[in-house]
Structure formats: structure tokens, C-alpha cells
Protein chains: 2
Amino acid sequence: MTEHSVDSNRTCPVGRSLDVMGDRWSLLIVRDAFDGVRRFGDFQRGLGVARNILADRLRKLVDADVLVSQPAADGSAYQEYVLTRRGESLFPVVVALRQWGEKHLFDRGEKYSRLIDTDTGKPVPVMTPRTAGGSPLPPAQTRVKKVV
Amino acid sequence: MTEHSVDSNRTCPVGRSLDVMGDRWSLLIVRDAFDGVRRFGDFQRGLGVARNILADRLRKLVDADVLVSQPAADGSAYQEYVLTRRGESLFPVVVALRQWGEKHLFDRGEKYSRLIDTDTGKPVPVMTPRTAGGSPLPPAQTRVKKVV
DNA sequence: GCCTAAAGGTTGCATTTTGCAACTACATTG
DNA sequence: CAATGTAGTTGCAAAATGCAACCTTTAGGC
């Protein structure tokens with residue numbers, strides 16, 4: 001996770017986010033954490049990631065205040081990794097990736113796991129950027145204003 | 001960009017999205033493409049990525065139908081890389097990463113580039129998953145339904 | 001308490017990916 | 001037609017990753 005050296009990547013929030021989360025495993029760890037996974041071994045089995053890499057990523061995510069490691073709630077002496085507020089606020093990122101994958105990366109008829117609103121039992125609606133007025137905001141109607 | 005081997009990563013749209021986009025550069029390339037960057041050299045200078053890596057990523061993004069390479073519109077003999085519809089629909093992903101970074105990755109007073117609604121000149125509102133009724137949907141009110 | 005197995009890592013080594021610099025090929029400019 | 005710019009490719013060194021073995025602490029059976 002080398003830092004992006006060019007200056008525009010330092011002042012761009014997208015670049016900074018990817019400095020923290022932009023590797024093959026970190027966002028999958030966070031996804032599983034949203035699904036309630038908390039223990040090292042469960043992350044490891046669920047992801048199929050090498051144990052040393054998982055240990056490294058968990059450490060970095062804790063350092064980045066995305067996860068916190070705390071004594072397990074179930075009374076056992078082991079500890080567990082839980083999303084912080086900062087980690088929880090990655091929810092839109094994970095949902096956006098999910099919805100993009102759902103739309104573009106599966107063949108017709110191919111099954112995939114779905115994200116459900118537990119209050120209604122229905123799939124979560126597609127999320128999109130919106131104007132202040134609430135209407136969908138296409139990319140062409142935006143631009144990035146560079147820092148002063 | 002090795003494929004994630006464990007089965008749950010193949011049926012999870014998040015996992016599949018990250019198989020395609022989950023490296024340090026692909027989403028930055030797409031971000032710059034949203035900003036209007038089209039040419040190899042402009043991506044290279046803007047990102048500071050090694051040229052061989054950029055060539056490899058552009059090739060993979062074209063293979064994944066995120067970008068299309070076509071003759072340059074400006075009459076020059078070179079070609080340019082433009083977002084496909086599939087690529088354009090990564091907009092929510094890029095915006096979500098941006099908004100997470102804005103909120104959590106900058107110190108008070110530190111400047112960062114902002115995404116502006118060109119119709120109003122105001123920053124794009126924070127995007128969040130919503131229920132069918134339109135109210136914000138917290139992670140705890142969702143669950144992933146595994147495939148049958 | 002004692003033994004065994006599982007959990008949660010760490011370490012060493014082979015493989016893969018990345019970064020850097022040099023090189024090539026073609027196009028454009030003067 | 002020489003010089004410069006664009007768009008790569010190639011070779012090699014450095015870093016990240018994957019894999020297996022090892023270690024230490026905890027949990028469970030007796």
C-alpha cells in the first residue's frame with residue numbers, strides 16, 4: 001500500500017481513500033465485517049486470504065481506525081475485530097461496489113448474493129449521487145474543483 | 001489481479017467488482033477519466049504511475065469493457081481511452097470513495113478537491129443507501145441473502 | 001491438573017506484481 | 001530531414017503476496 005506520490009493524489013479524497021482501502025483485501029474484510037464476521041479465523045476461511053496477509057491488513061485497518069480490536073463479546077478470551085464509526089461509514093462504498101457488480105458482472109441467470117432491507121425484505125434500491133434537490137446527478141453534470 | 005478463489009467471493013458482487021477494480025490504480029484511472037482525461041500520457045503524468053503498469057491497467061480495463069480505446073477525436077493519429085456505459089456506471093463508486101475520504105481522511109483545515117454540481121455550483125450532497133421509501137438505510141437494517 | 005486440539009498469529013522462502021530506466025516505433029513540428 | 005513528443009515495450013531490481021511450517025495461548029475432555 002505505497003502512497004501515491006503525485007500531489008493531486010494527495011489532495012484528492014478518492015486518492016486518499018484508495019491509499020487506505022485500495023488493495024485486493026481491505027474492502028472484502030470490511031464487507032465481511034458488515035456481515036457480522038469478527039474473528040481472525042472466520043475472516044480467513046471466508047476470504048481464503050493468506051494468514052500473514054490477513055494479519056497485516058487487519059493491523060493496517062486497525063491503525064487506520066477502520067476496525068478496532070477488542071476482547072470478544074462472547075466471553076471467550078480471544079479478541080475480535082469490529083467496525084468503528086469510520087469503518088461503518090464505508091457502507092456506501094461497499095453498496096456501490098455491490099450494485100455495480102450486480103448490474104455488470106453477472107451473466108443472465110447467474111445467481112448472486114443480494115443485499116436486503118430487513119424491514120421490508122426487499123433488495124436495497126440502487127444508490128446514486130443526487131443533486132441538492134434530490135434528482136439523480138449524472139457525471140457530466142459535475143466537475144472537480146481543485147484546491148486553492 | 002488474481003481471482004479470489006473462495007466461492008463466496010465469486011457469488012458476491014462486491015468480490016467480483018474488486019476482482020476487476022480492486023487494485024491501486026484502476027479506480028484512479030476511472031476517476032481521471034470522469035475528469036475528462038483520455039490520453040495515455042495525461043493519465044501517466046496525472047497519476048505518476050509507471051508506464052508499463054498503466055499500459056497493463058488500460059488494457060485490462062478495455063478487456064473488462066470499462067474503457068474503450070478509439071481514434072482520438074481531436075484529429076491526431078493517436079488513440080484515446082474513454083469510459084463505456086459500464087465505466088460510467090462506476091460513478092457512484094468513485095463518489096462514495098470521495099465522500100468517505102472527505103469525511104475521514106483530512107485534518108481540519110487541510111484542503112482537498114471537491115466535487116461540484118455544475119448546475120448549482122454547490123458540492124454534491126453525501127450519497128447514502130436508502131430504503132424503497134427514500135429514508136437513509138443503516139447497515140444494521142440490511143443483511144446479505146446468500147444465493148440459492 | 002493433564003493432555004490434546006483449535007485459535008491466532010509469526011517466520012522463512014518461493015512466486016508474482018510493481019516500479020524504474022532504457023529502448024523502440026511512429027507522428028508531428030520546424 | 002532532424003528534433004521532439006507520444007505511446008508504448010523490455011529487462012531488471014524491489015516490494016508485495018502466497019504457502020507451509022512453526023509457535024504460543026486458549027478451550028475442552030477426562
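Look at CZ on B:R57: it is 16 Å from C1' on D:dG8, rounded to the nearest Å. C:dG8 atom C1' lies 10 Å from atom CD of A:Q44, rounded to whole Å. Atom P of nucleotide C:dC26 and atom CD of B:Q79 are separated by 15 Å, given to the nearest angstrom. Atom CG in B:L58 sits about 14 Å away from atom P in C:dT18, given to the nearest Å. A:D19 has its CG atom 13 Å from the P atom of D:dA16, to the nearest Å. Taking atom CG on B:D23 and atom P on D:dA16, their separation rounds to 15 Å, with Å as the unit. In this structure, A:F40 places its CZ atom 14 Å from C1' of C:dA6, rounding to the nearest Å. Atom P of nucleotide C:dT16 and atom CZ of B:R24 are separated by 19 Å, given to the nearest angstrom.
Among the nucleotides D:dT17, C:dT10, C:dA6, the one closest to the side chain of A:I53 is D:dT17. When the nucleotides C:dA27, C:dT11, D:dG11 are ranked by their closest atom to the side chain of B:N52, D:dG11 comes out on top. The nucleotide whose nearest atom lies closest to any side-chain atom of A:R39 is, among C:dG8, D:dA7, D:dT26, C:dG8. Taking only side-chain atoms of A:A50, from C-beta outward, the nucleotide of C:dT18, C:dA7, D:dC19 with the closest atom is D:dC19. Taking every side-chain heavy atom of B:R59 into account, D:dT9 is the closest of D:dT9, D:dG18, D:dA27. The side chain of A:Y81 has C:dG9 as its nearest neighbour among C:dG9, D:dA7, C:dT18. For B:S76, the listed nucleotide lying nearest its side chain is C:dT28; candidates were C:dT28, D:dA16, C:dG8. If you check C:dA6, D:dG8, C:dA27 against the side chain of B:Y78, the one that comes closest is C:dA27.
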For this session: Kindly indicate, with the supporting measurements, whether the criterion salt bridge (charged side-chain N to carboxylate O under 4.0 Å, His left out) is fulfilled by A:R10 and A:D19.
Result: CA-CA 9 Å; A:R10 307 264 73 239; A:D19 279 346; 2.4 Å; yes
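Each of A:A77 and A:G48 was assigned the nucleotide of DNA chain D with the nearest heavy atom; the assignment lying further toward the 5' end belongs to A:G48.
Phosphate contact (OP1/OP2 of C:dT17, side-chain N/O of B:W25, threshold under 4.0 Å): absent.
One distance of note links CG of B:L137 with OG of B:S135; it measures 7.5 Å at 0.5 Å rounding. Rounding to the nearest 0.5 Å places CD of A:Q99 at 10.0 Å from NZ of A:K103.
In this structure the side chain of A:P92 never reaches within 4.5 angstrom of the side chain of B:W100, judged on heavy atoms.
For B:F91 and B:F34, the distance between ring centers is under 6.0 angstrom.
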